[in-house]
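Residue numbers start from 1 in every chain, and the chains themselves are labelled A, B, ... in the order their sequence lines are given, proteins ahead of strands. What you see is a predicted model; the values in this text were computed from it and never measured.
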Number of protein chains: 2
Amino acid sequence: MITERKEIQEQRMKGYFIEATKDILKGEGLKNISVRNIAERAGYSFATLYNYFKDVKELVFYCVKDFQTECETHVKERTDKTTRGSKKLKAITKAYLEYFIQYPGIFELFFIEKLSDIGGNQEASALIISFLDRLCEEEWNYCIKNKLTTEKDAVRIKTSLLNATTGLLLLYIHRRHPKDYTEYIKLSGNQIEHILNEIGS
Amino acid sequence: MITERKEIQEQRMKGYFIEATKDILKGEGLKNISVRNIAERAGYSFATLYNYFKDVKELVFYCVKDFQTECETHVKERTDKTTRGSKKLKAITKAYLEYFIQYPGIFELFFIEKLSDIGGNQEASALIISFLDRLCEEEWNYCIKNKLTTEKDAVRIKTSLLNATTGLLLLYIHRRHPKDYTEYIKLSGNQIEHILNEIGS
DNA sequence: CAAATTTAATGAACACTGTTAATATCCCCA
DNA sequence: TGGGGATATTAACAGTGTTCATTAAATTTG
């Protein structure tokens with residue numbers, strides 16, 4: 001049918017813009033995101049973008065999902081063989097941090113960019129806030145089941161972990177604190193270790 | 001002399017623009033900061049601003065210092081009579097959070113706005129990063145002197161505190177997490193308490 | 001005090017930003 | 001091959017930060 005072809009064509013077009021947006025975010029970062037910039041990289045006029053997305057925020061919202069799955073595979077790749085329990089939770093959290101350090105623009109998209117106004121973006125916020133918990137979910141279940149921690153403690157430690165990682169990344173990416181990468185690695189490592197050492201092993 | 005008069009006149013002019021900028025930041029927030037907006041509120045043309053500040057970032061930099069002293073008095077007012085030790089550290093940290101919750105625009109200025117490029121703004125970053133530590137400095141000294149904690153632990157807990165507070169504020173202000181203010185207060189209270197309960201009392 | 005010179009305030013302009021509406025182009029089907 | 005509907009595009013608007021030439025004011029000098 002015609003409608004089917006339209007559909008795949010439309011999805012293709014969306015894909016071009018999304019891919020362009022993702023490229024810019026991973027490369028130059030959030031500050032270089034602009035409708036003209038995205039459209040040029042996608043090979044279309046800036047106005048064409050508005051035939052497929054109601055505004056640039058909606059376009060950017062699609063990137064969140066993509067980056068999350070990308071980050072998830074990044075994390076799984078380097079934590080798959082880690083021994084289970086607190087060790088694995090540490091490894092997951094560190095890999096999670098690694099990803100955003102590699103792509104500061106994605107951190108900015110996730111935690112700084114204001115997507116709060118419109119309806120669909122409440123979904124984005126929820127997706128972002130729950131992301132680290134989702135990455136860790138299976139392992140937390142393992143820890144609770146094996147009595148390495150209690151459900152109540154787990155809830156509190158999860159919150160600690162989200163706050164600490166968010167703070168660490170914001171301070172390092174936007175305020176260059178600590179001064180250099182090696183110091184950041186040392187500091188973030190210590191902090192994560194300390195938070196997760198509350199769990200038995 | 002002539003140069004003196006020029007000096008106080010120049011300082012007065014700078015003051016007008018700084019005051020206007022501070023008003024906007026405290027009111028509408030960082031998103032409403034614009035050269036035209038500031039200048040209009042100060043009662044001058046936008047071009048006049050550039051006779052006193054090399055760019056809007058420099059102008060905004062002056063606000064950081066002012067807000068820090070304002071925040072410092074806010075903190076001191078409501079922690080002056082608190083019993084010393086970990087209790088006072090908790091109170092200081094909570095008052096610190098209070099201030100930024102009251103003025104989200106100031107949090108954005110401190111931790112999100114990129115003032116990183118130029119020379120003078122490295123100073124601003126240093127000022128911001130060390131701010132909470134400076135608010136707590138006297139009390140940490142007290143705790144160490146009275147063997148409530150060690151110097152080594154203090155360093156780590158300070159870092160924890162900075163990361164946690166920064167994360168808490170960013171997530172609540174930019175991602176509405178937790179959903180409402182009462183839940184935020186409960187959550188942030190728990191987190192701060194837990195971090196500072198490592199200190200004896 | 002008047003004239004000359006320095007100083008400070010400004011409006012126009014430029015290069016950007018996001019977004020909308022009208023226009024031009026393409027493609028499919030009769 | 002022509003007509004019509006979908007789609008890509010140009011033009012325009014209102015906003016952003018910043019620079020520069022011009023104007024107006026104040027200050028110094030004769």
Side-chain angles (χ1 to χ4, degrees), chain A residues 1-18 20-21 24-25 28-63 105 108-109 112-118 120-121, chain B residues 1-18 20-21 24-25 28-63 105 108-109 112-118 120-121:
Chain A
M1 290 292 288
I2 301 157
T3 55
E4 287 180 20
R5 301 207 304 200
K6 297 272 153 178
E7 186 59 30
I8 68 162
Q9 280 173 20
E10 188 173 324
Q11 281 312 116
R12 232 198 298 268
M13 286 294 287
K14 283 196 178 185
Y16 296 150
F17 286 109
I18 293 170
T21 309
I24 297 170
L25 282 169
E28 299 101 285
L30 193 67
K31 69 177 183 300
N32 277 79
I33 284 288
S34 81
V35 179
R36 268 109 175 155
N37 206 345
I38 294 167
E40 187 187 25
R41 194 174 288 235
Y44 290 92
S45 163
F46 60 87
T48 310
L49 191 150
Y50 288 92
N51 294 346
Y52 297 94
F53 305 92
K54 82 174 219 287
D55 56 27
V56 73
K57 302 232 179 225
E58 191 192 337
L59 168 52
V60 136
F61 165 69
Y62 283 100
C63 299
E108 292 179 324
L109 170 62
I112 291 166
E113 176 70 354
K114 292 210 167 179
L115 350 118
S116 37
D117 304 44
I118 9 173
N121 302 83
Chain B
M1 290 293 285
I2 301 155
T3 57
E4 286 181 19
R5 302 206 307 203
K6 296 271 152 176
E7 186 59 29
I8 69 161
Q9 281 173 18
E10 187 174 324
Q11 281 312 116
R12 231 199 295 271
M13 285 295 286
K14 282 195 178 186
Y16 297 149
F17 286 108
I18 293 170
T21 309
I24 297 170
L25 281 169
E28 299 101 284
L30 192 67
K31 69 179 184 299
N32 276 78
I33 284 287
S34 80
V35 178
R36 267 107 176 154
N37 205 345
I38 294 166
E40 188 187 25
R41 195 174 287 234
Y44 289 93
S45 163
F46 60 88
T48 310
L49 190 148
Y50 287 92
N51 293 348
Y52 297 94
F53 305 93
K54 83 174 219 288
D55 56 25
V56 74
K57 302 233 180 220
E58 192 193 336
L59 167 52
V60 136
F61 163 70
Y62 283 100
C63 299
E108 293 178 324
L109 169 63
I112 290 167
E113 178 69 354
K114 292 210 168 180
L115 348 121
S116 37
D117 304 44
I118 9 173
N121 302 84

Selection from D/dA11, D/dT19, C/dG18 that lies nearest to any side-chain heavy atom of A/Phe46: D/dA11
Nearest-angstrom distance from the residue atom OH of A/Tyr50 to P of C/dT17: 11 Å
Identified side-chain contact (heavy atoms from CB on, under 4.5 Å) counterpart of B/Met13 within the set B/Ile8, B/Thr48, B/Ile18: B/Thr48
Phosphate OP1/OP2 of D/dA8: any A/Ser45 side-chain N/O under 4.0 Å: no
Selected nucleotide, minimal atom distance to A/Val56 side chain, candidates C/dG18, D/dT18, D/dT27: C/dG18
B/Ala47, nearest nucleotide to its side chain (from D/dT7, D/dT9, D/dT19): D/dT19
Base C/dA8 to side chain B/Asn51, donor-acceptor N/O within 3.5 Å cut-off: no
Sugar-phosphate, base or nothing in reach of A/Thr48, heavy atoms under 4.0 Å: base
Heavy-atom check, side chain of B/Phe17 versus side chain of B/Tyr44, under 4.5 Å: yes
5'-most by nearest nucleotide on DNA chain D - A/Arg36 or A/Tyr52: A/Tyr52
B/Glu28, CD atom: more than 12 neighbouring heavy atoms under 6.0 Å: yes
Carboxylate-amine/guanidinium contact B/Arg12 B/Glu7, below 4.0 Å: no
Any B/Tyr44 side-chain nitrogen or oxygen under 4.0 Å from OP1 or OP2 of C/dA8: no
